[in-house]
Amino acid sequence: MRSQCCGEIGIADVGSKVQLCGWVAHRRDHGEHLAFVDLRDHTGIIQCVLDGSVEVRSEWVVRIEGTVRRRPEGTDNPDLATGQVEVSQCEVEVLAEAEAPPFPVDDRVSADEMLRLRHRYVDLRRPRMQANIRLRARVMGALRDSMASQGFCEVETPLLWTPTPEGAREFTVPSRLHKGEFYVLPQSPQLAKQLLMVGGVDRYFQLARCLRDEDLRADRQFEFTQLDLEASFVDQADIQRAVTEAVLAATRAALGDDIDVPGVETFTWREAMERFGTDKPDTRFGIELVDLTAVFESTEVKAFSAPCVKAIVVPGGAVMGRSQLDSLVQQAKSLGAKGLAWFKVISVAPLVVESPLDKFISITERESLVDVSQASPGDLIAVVASDWRTACSVLGQLRLATGRPGIHEGGLRYCWVTEFPMFDGLDEQGRPQAAHHPFTMPHPDDVHLMASDPLSVRSQAYDLVLNGWELGSGSIRVHREDIQRQIFDALGIGFAEAEERFGFLLGAFRYGAPPHGGFAVGVDRLVALLAGEENIREVIAFPKTQSGTDPMTNAPRELAPGVLRDLGLQVIPRNS
RNA sequence: GGUCCUGUGGUGCAGCCUGGAGUGCACGCCGGCCUGUCAAGCCGGAGGUCGCGGGUUCAAAUCCCGUCAGGACCGCCA
C-alpha cells in the first residue's frame, strides 16, 4: 500500500516515485491550481503539492502517490526533518474522511486532559504521545533483553489470584462457577514468584501487570507494569547488580548509548533521612539537611529544646520578605512541625544574623549555627526542632519546595536506599507494623533485637530511587521457619492466622525453600522520567482519570441484571 | 474521608477581585479570493444553558451556599 513512511523521505529519494499513507496535518490553499498538504504518519511529516481542486481536509486519511523532488530554491523548511524535499505530481486517494478533530493534533497547543482521554485515539496521533509510546516499547524491550541475557527466565503468573488480606486493596472478580466466591487481581506477583523459587526456577522475571484498588495520583494508576524479578541463592548485592544493569540498559535504549548517567549511589535509609529528609532522595541538587542538635544542646530557647534540631540552608534566601517567610513557617506547620525558626545571614565577619530569635540565642550558639550549617552571607537558615522523624521529614519537604529542579533539569540520578527499618511504627494495639512485607529478612546483625527492640531492627529491604521518585523496591526473603515465626510473633500474627492468610506459601516452604530475594521496578514511572513527563498518564496508552474512570469507554458502568444474576450478585442501591 | 486549584462558542485563554446587554483575543470550522506556502495570507459567516442547582440583589459569568466533573496533594498505596 505504501513504499515508505513520511518521515523517512529525504534528499536521497529525489526523483523516485513514492506511495505514502497518513493523515492530513495541514492544508495550505493557494487557489484553483495549488495547495500544500502536510501528510503525517508515525514517523513525521512531509509536504505534498496538490492541485487546488483536490478535496482533502484536516485529519482525513489519504494515500498519496507522487514523485519526490528537491524543493524550489529558497522554499526549504528547516523546521521539518523532510524540509528539503516535497512530493509532487500527486495522485490522491481518500481512504477515510474525518470530522474536524475535537482538539488540535499538535504538540504546541495544550488541550484539556479529559478531552484528550475521551478521544485518546486522536491524542495518540500527536508526536509527543507517539514518542512516549515508542520510548516505552524500547524500554520494555531493553528490560526484557537484559533480564534474559542475565539468565532470568520469563514466567507468567495468574491474574486470577486468591485474596490475601494484607497490603493494598485488591480488585475483586466474582466466580460464576462458584457463586458467592471470588478471585482477586494480584496487587503484584509477590507470592507467586516466591513459589517459583521453591519450584526451582532459580531466576524469574516478568513484565507484570499489577492492580491495586487504591486512590490515584500523578504517579499511580489502578493498573501498572512492573519489571518483577526474583532469584535464588543470591544476596542483596546480586539483586541490586541485576536491577542496576537492566535499568541502565533501559536508560540507554531510551536516550541513546552516549547518555551520561552518573554512578548509582547507595544510602542507608538512616543516611537518606538524615541528609535528605526522605527515603526517596532527589540527589540532583544540594540543600542537604544539617544537624544542629549539638549546637542547641543546652539552649535557653524553649523552641529548640527538642530531641532533634535540624536545618536547611536556602541559598540567597535572605532576600525573602515577611510574607514569604510567614508562608514558609505555615508550610512547616502544615507538614507537622510545631514551628519553624529562620535566620538570615547578613555577614560572617563580623557575624551578623537577622532573626526573631537572634536576641534569645547565645553568641556561641549563633556562631556554631552559622559554622555548622556553612551558611554564607545572603543565605537563610531554616530550623526545625522536633523528634528526629518529624524534623527530617518536614525539612525534607521544604528542601524539595525550595530547591527542586524541573523535570528536565539535572539529568538522571539513580540511587539505592538500603537497610530500611523492619517495622514502621506501632498500630493501635501497640504492635509493630511491617514496613515492607512480613517475609522480609531482617538484617543479620539485628535478628537478636526482634523481640526486645523490634523498632530498631533493620531489614534487608532496598529501594531504587530516580530523581526523587521511588522506582521500585525489593528484599531478601525469609526462608527459615524460626525467623519467620519471630516476625509473625512481633507482628502479633498467631500460627493459625498465618496459616489462614499465607498457608499455601508456608506450606510450600516446608518442602525445601531456597534462600531467595527479588525486586520490582515500576516501569510506568521509569518511562515517565526518561520521557521527561511529570505524570505517568502521559506514558500509558489508555489511562484512567484520578477518580478511576475512563472518559472514552465510560468505565466503570452498571451491569445488566442478567449478568449479575449469573454471577450470583446483588447490587446494594447507592443511597442506602 | 480531607485540603487546594480549575470549569466561559469546537479548542486555548481573558473577563470574576471591585455585579450593570454574552463583551474581547487567538486558533479551529463553513464560504469566497489567492500558483510557493509551511501553525500560509486576506475577506465574510456560523457557532453560547458562562458545568449544574439554589440564594443575595432592581440586576449575577462575576458575590454566597450546595453539587458534579477534571487536576495537584494529604490520608491510603504491607
Side-chain angles (χ1 to χ4, degrees), chain A residues 25-40 45-53 57-59 69 71-80 82-84 86 88 98-119 122-123 164-170 187-188 190-191 210-222 224 330-331 334-336 393 397 400-401 420-425 427 432-440 459 461 470 473 475 487 491 493 501-502 522 534-535 537 543-549 551:
Chain A
H26 297 283
R27 177 192 175 105
R28 291 177 295 278
D29 227 321
H30 286 258
E32 209 178 333
H33 298 295
L34 180 66
F36 298 101
V37 160
D38 290 337
L39 190 66
R40 180 190 66 237
I45 280 178
I46 181 136
Q47 170 167 285
C48 304
V49 187
L50 269 53
D51 188 88
S53 63
R57 293 166 188 256
S58 268
E59 300 308 316
R69 74 173 180 204
R71 287 196 184 194
E73 185 84 32
T75 63
D76 286 9
N77 183 354
D79 297 332
L80 218 54
T82 60
Q84 290 184 298
E86 62 189 9
S88 67
E99 291 179 18
F103 52 89
V105 183
D106 194 326
D107 287 342
R108 287 167 298 199
V109 270
S110 59
D112 181 75
E113 194 177 355
M114 229 224 320
L115 199 64
R116 291 174 54 203
L117 291 182
R118 180 170 299 139
H119 304 278
V122 174
D123 192 37
T164 48
E166 271 292 337
R169 191 177 296 112
E170 294 157 326
Q187 47 181 298
S188 81
Q190 180 60 40
L191 300 179
C210 304
L211 299 110
R212 295 181 188 174
D213 189 2
E214 298 288 352
D215 288 3
L216 279 45
R217 288 282 193 287
D219 60 352
R220 274 160 40 188
Q221 284 272 304
F222 284 153
F224 57 99
Q330 206 47 53
Q331 216 178 333
S334 73
L335 293 170
S393 81
Q397 290 173 79
L400 292 177
F420 272 73
M422 188 79 188
F423 304 103
D424 200 16
D427 67 9
Q433 300 266 286
H436 195 56
H437 60 66
F439 310 108
T440 303
S459 69
E470 183 193 321
S473 62
S475 65
I487 295 170
L491 293 170
I493 299 176
R501 285 195 200 171
F502 315 111
E534 301 187 63
N535 194 307
R537 292 191 297 272
K544 306 256 185 307
T545 65
Q546 196 167 67
S547 67
T549 64

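Chain naming here is simple, since letters A, B, ... match the order of the sequence lines and numbering starts at 1 in each.
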Undergrad: At less than 4.0 Å, is any side-chain N or O atom of A:R537 found next to OP1 or OP2 of B:rA72? Yes or no.
TA: yes
Undergrad: Check the phosphate of B:rG70 against A:T545, side-chain N and O only, distance under 4.0 Å to OP1 or OP2. Yes or no?
TA: yes
Undergrad: Please give the nucleotide sitting opposite B:rG36 as a Watson-Crick or G-U wobble pair, both distances under 3.5 Å, or none.
TA: none
Undergrad: Using OP1 and OP2 only, check whether a side-chain N or O of A:R57 sits under 4.0 Å from B:rG31.
TA: yes
Undergrad: Quick one: look up who B:rA69 pairs with, Watson-Crick or G-U, both distances under 3.5 Å, and put none if it's unpaired.
TA: B:rU6
Undergrad: In the strands shown, is B:rG20 matched to any nucleotide by a Watson-Crick or G-U wobble pair with both distances under 3.5 Å, and which?
TA: B:rC58
Undergrad: With respect to the phosphate group of B:rG71, does any side-chain polar atom (N or O) of A:R217 fall under 4.0 Å of OP1 or OP2?
TA: no
Undergrad: For B:rA26, what is the paired nucleotide under Watson-Crick or G-U wobble rules, both distances under 3.5 Å?
TA: B:rU11
Undergrad: Is there a side-chain contact between A:S547 and the phosphate of B:rA69, meaning an N or O under 4.0 Å from OP1 or OP2?
TA: no
Undergrad: Taking the six-membered ring for Trp, does A:F36 stack with B:rU37 (centroid gap under 5.5 Å, planes within less than 30°)?
TA: yes
Undergrad: Between A:S58 and B:rC29, is there a contact of a side-chain N or O with OP1 or OP2 at under 4.0 Å?
TA: yes
Undergrad: Decide, applying a 5.5 Å centre-distance limit and a 30° plane-angle limit (both strict), whether A:H30 stacks on B:rG36.
TA: no
